[in-house]
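Since this is a predicted model, take the numbers as computed values, not measurements. Hydrogens, waters and symmetry mates play no part in the numbers below; they use all other heavy atoms, side chains included. Here is the naming used below: chain letters follow the sequence lines, and residue numbers restart at 1 for every chain.
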Amino acid sequence: MFRQFRSDVLKALEGFSFKAESFVKESEHADLACTVAFKLAREEKKRPQEVAEEIVSQLKIESDYIGSVEVVNGYINFFASYEFIEDTINYILDSDENYGSLNLGGDVLIEHTSANPDGPLHIGHIRNSIIGDTLARIFEKAGVDVTTHYYVNDMGRQVALTVLGIEMFGFEDEKPDHAVAKAYVAINRYMDEHPEKKEEIEAKVEELMSRYEEGDEEVSRLFRSVVEKALEGAGETLKNLNVTHDEYVWESRFVRNGYVDRIISMLEEKGLIQKDNAWTVDLSNFGYDKNVVIRRENGTTLYVTRDLAYHLWKNENFERFINILGSDHKLIGNQLSDILKIIGLKPPEIVFFEFVSLPEGSMSTRKGKFISADELIEKVYREAYEIIREREFSEEQKREVARAVAIAALRYDFIRVSPEKPITFDWKKALDFERQTASYIQYSHARACSILRKAVGNGMPYLEFAGELCTPQERKLVMLLSKFSTAVERVIRELRPNVFADYVMDVAIAFNDFYTSHPVLKAEKEIRMHRLAIVDACRIVLRNGLELLGIEPLERM
RNA sequence: GGGCCCGUGGCUUAGCAUGGAUAAAGCACCGGCCUUCUAAGCCGGGGAUCGCGGGUUCAAAUCCCGCCGGGUCCGCCA
């Protein structure tokens with residue numbers, strides 16, 4: 001709805017010598033403010049206030065949604081009309097679960113998580129998952145046909161090492177991804193402690209990798225078994241976080257289906273490959289110091305080669321493709337994009353996020369130095385359960401609520417931070433529910449549900465919003481509600497889902513403000529109906545917003 | 001050494017894209033509010049030269065240059 005208001009304001013400002021779009025912005029002093037007078041004042045050698053007044057006197061307002069316009073200190077302030085806020089509430093109530101949707105169309109492939117199958121997901125990986133999954137939900141809401149992929153690095157050295165690790169140290173009976181990590185850590189430790197064996201193991205690794213790439217049956221079975229175990233565990237973790245993938249795409253697929261050969265011949269045709277011992281692509285014209293190796297001396301391919309093939313496939317199947325990657329992939333990611341551009345393919349849009357590190361330093365699966373997502377989930381869950389232990393819920397309800405609150409806290413904690421900011425993980429903060437902003441939002445939603453439940457119980461659930469009954473707080477709240485799709489749009493444009501987390505939070509704050517100062521059930525006829533409409537609209541916005549964040553909107557807590 | 005990212009009250013962050021009206025939240029701290037729709041809440045208070053220095057501009061947390069501090073990458077690993 002706010003998008004409509006904005007476009008009406010822009011339309012009213014058409015026909016002047018400036019591009020209204022670049023001067024109209026949201027403001028705390030108005031619903032929309034235009035700052036163009038400052039710019040023009042200089043050119044015309046007048047005071048901004050004069051210029052602004054002149055513009056306003058020439059304004060052609062045809063929209064019913066623009067209630068008033070005023071000039072303050074050179075700012076042109078636009079205010080929405082009663083009609084606008086009435087339409088907003090009615091539109092929200094009518095659209096219900098569809099409120100906030102856009103109709104962008106098209107399709108997008110979102111590749112996220114894609115952690116190496118050498119152990120369980122740790123708290124760095126799930127930052128990736130949460131950004132990717134939230135983005136996927138928001139694209140879906142925007143009317144884009146979304147497919148999500150987990151790209152599985154099944155041909156990597158780690159898998160070969162793990163195969164050897166299991167051979168030497170066995171496979172423990174526990175959650176399979178954790179068992180995989182034990183074998184992987186064990187063989188790495190063994191190599192550190194027995195440097196004399198290192199060469200022998202490396203030779204075996206190389207042989208395993210070659211045989212897997214050739215499609216050797218026996219080796220394939222070993223690799224598959226390791227990868228499937230790791231993936232089985234990761235999938236379970238992701239499901240607990242409300243994250244799902246449409247497909248797990250194994251990189252070996254692109255070796256087997258000819259895409260790797262195709263991408264190599266495309267590069268050859270452009271004369272980009274230097275065939276020394278290994279094959280490399282020269283990117284010195286693009287500012288890279290070193291060539292990118294795409295084929296080893298022994299004839300096997302590298303991660304980047306298969307990734308190029310994967311992106312050839314993406315080019316053939318999707319309009320847009322977005323990858324969520326840790327910032328340590330920046331160099332290789334940019335190299336990949338530049339190579340694709342050279343051969344006339346579209347590069348992926350990449351969302352880089354900075355590391356999640358521990359107070360004592362960065363994590364490493366290889367060294368077994370990490371906090372697994374499972375452990376985090378379990379501890380946060382237990383903490384959440386403690387808080388509701390005394391409530392009058394059944395045991396099953398308590399578990400459900402604790403789970404929903406725990407996952408909400410986790411997801412919100414990761415998503416609220418801008419991707420480019422590094423995070424230092426802190427147990428104390430992760431488990432401190434006093435500062436868990438997600439449960440605050442869930443709580444606001446539950447409060448709204450509670451009022452509506454009681455209204456129905458009293459037999460007077462009739463809703464009738466009336467713009468002229470609005471207090472300033474109510475007006476402010478409704479204006480915020482109208483901005484749902486503006487927030488969705490912004491996430492799509494900037495690929496930064498944290499701005500949406502902020503939006504939902506703002507709605508919750510405004511709702512709680514309204515809640516404590518505006519009695520609903522106790523109010524008289526019209527006011528009661530009017531406020532019930534606001535409560536229901538807030539309920540819808542909070543519920544839809546939480547769902548986009550992958551958080552369960554509880555009705556009681 | 002080079003590239004990229006980060007640096008905002010004591011702590012964690014938002015705002016930076018497209019410069020604009022007293023820099024916004026949470027935690028922590030201080031003081032209030034449960035016979036009234038869920039106190040996982042609300043209200044009030046103290047606390048910030050927006051890392052430092054320059055520049056552009058009527059106007060800079062936001063743009064430009066330099067510096068400092070932290071992170072990260074620079075493998076025939078992924």
Rounded to the nearest Å, what distance is computed from the [atom1] atom of residue [X] to the [atom2] atom of nucleotide [N]?
X	N	atom1	atom2	answer
A:Ile388	B:U38	CD1	P	18 Å
A:Asp276	B:C76	CG	P	13 Å
A:Ile441	B:G26	CD1	C1'	12 Å
A:Leu10	B:U18	CG	C1'	13 Å
A:Leu336	B:C73	CG	P	18 Å
A:Leu325	B:C4	CG	C1'	14 Å
A:Glu392	B:U38	CD	C1'	12 Å
A:Leu302	B:C76	CG	P	8 Å

(message) Could you measure the distance from the CG atom of A:Leu161 to the CD1 atom of A:Ile201? Nearest 0.5 Å is fine.
(response) 7.5 Å
With the side chain of [X] defined as its heavy atoms from C-beta on, choose the nearest nucleotide among [options].
X	options	answer
A:Ser450	B:A40, B:A21, B:C37	B:C37
A:Arg496	B:G20, B:C16, B:C37	B:C16
A:Val72	B:C42, B:A21, B:C11	B:A21
A:Tyr443	B:A40, B:A17, B:C6	B:A40
A:Thr516	B:U13, B:A40, B:C42	B:C42

Base, sugar-phosphate, or nothing: which does [X] touch, judged by heavy atoms less than 4.0 Å apart?
X	answer
A:Glu420	sugar-phosphate
A:Asn277	base
A:Ile332	base
A:Asp502	sugar-phosphate
A:Asp289	nothing
A:His445	nothing
A:Asn291	nothing
A:Val293	sugar-phosphate
A:Ser22	nothing
A:Glu555	base
A:Gln442	nothing
A:Met505	nothing

(message) For RNA chain B, which residues of residues 24-45 of chain A approach it to below 4.0 angstrom with any heavy atom?
(response)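 The stretch gives A:Ser27, A:His29, A:Ala33, A:Thr35, A:Phe38, A:Lys39, A:Arg42 as the residues lying under 4.0 Å from the strand, ordered by number.
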For [X] and [N], is the shortest distance between a side-chain N/O and OP1 or OP2 below 4.0 Å?
X	N	result
A:Arg556	B:C37	no
A:Arg447	B:A39	yes
A:Tyr440	B:C42	yes
A:Lys330	B:C74	no
A:Lys421	B:G7	yes
A:Ser362	B:U72	yes
A:Asn498	B:G15	yes

[X] and [Y] ion-paired at < 4.0 Å:
X	Y	value
A:Glu206	A:Arg296	no
A:Glu268	A:Lys275	yes
A:Arg211	A:Glu214	no
A:Arg543	A:Glu555	no

Below 4.5 Å, heavy atoms only, C-beta onward: do [X] and [Y] meet side chain to side chain?
X	Y	result
A:Lys379	A:Arg382	yes
A:Ile509	A:Tyr440	yes
A:Val304	A:Gln335	no
A:Leu336	A:Ile350	no
A:Pro117	A:Val159	yes

(request) Could you check A:Arg296 against A:Arg493 and say which one's nearest nucleotide on RNA chain B is further toward the 5' end? (result) A:Arg493
(message) Between A:Leu331 and A:Ser517, which residue's closest nucleotide on RNA chain B lies nearer the 5′ terminus?
(response) A:Ser517
What integer number of Å spans the [atom1] atoms of [N] and [M]?
N	M	atom1	result
B:C65	B:G45	P	41 Å
B:C58	B:G9	P	31 Å
B:C63	B:C50	C1'	16 Å
B:A24	B:U38	C1'	28 Å
B:C76	B:U72	C1'	23 Å
B:C16	B:A61	C1'	7 Å
B:G44	B:C11	P	25 Å
B:C52	B:A48	C1'	16 Å

(request) Decide if the gap between the ring center of A:Phe18 and the ring center of A:Phe16 is smaller than 6.0 angstrom. (result) yes
(request) Check if the side chain of A:Asp506 and the base of B:A14 share a donor-acceptor pair of N or O atoms closer than 3.5 Å. (result)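 For A:Asp506, whose side chain was compared with the base of B:A14, there is no donor-acceptor pair (under 3.5 Å).
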(message) If you go through the side-chain atoms of A:Arg391, does one of them form a donor-acceptor pair with the base of B:A40 closer than 3.5 Å?
(response)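 It does, because a donor-acceptor pair links the side chain of A:Arg391 to the base of B:A40 below 3.5 Å.
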Counting only Watson-Crick pairs (N1-N3 plus N6-O4 or O6-N4) and G-U wobbles (N1-O2, O6-N3), all under 3.5 Å, who is the partner of [N]?
N	result
B:G19	none
B:C11	B:G26
B:C52	B:G66
B:G41	B:C33

(message) Could you check B:C43 for me: syn (within 90° of 0) or anti?
(response)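 Here B:C43 takes the anti form, which means its glycosidic angle is more than 90° from 0.
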(message) Do A:Ser252 and A:Asp154 pair up side chain to side chain, a donor and an acceptor below 3.5 Å, judged on atom types alone?
(response)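 Side-chain D/A pair, A:Ser252 to A:Asp154: present.
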(message) By a 5.5 angstrom centroid cut-off and a 30 degree plane limit, is there stacking between A:Tyr515 and B:G41?
(response)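 It does not: the ring fails the test against the base of B:G41.
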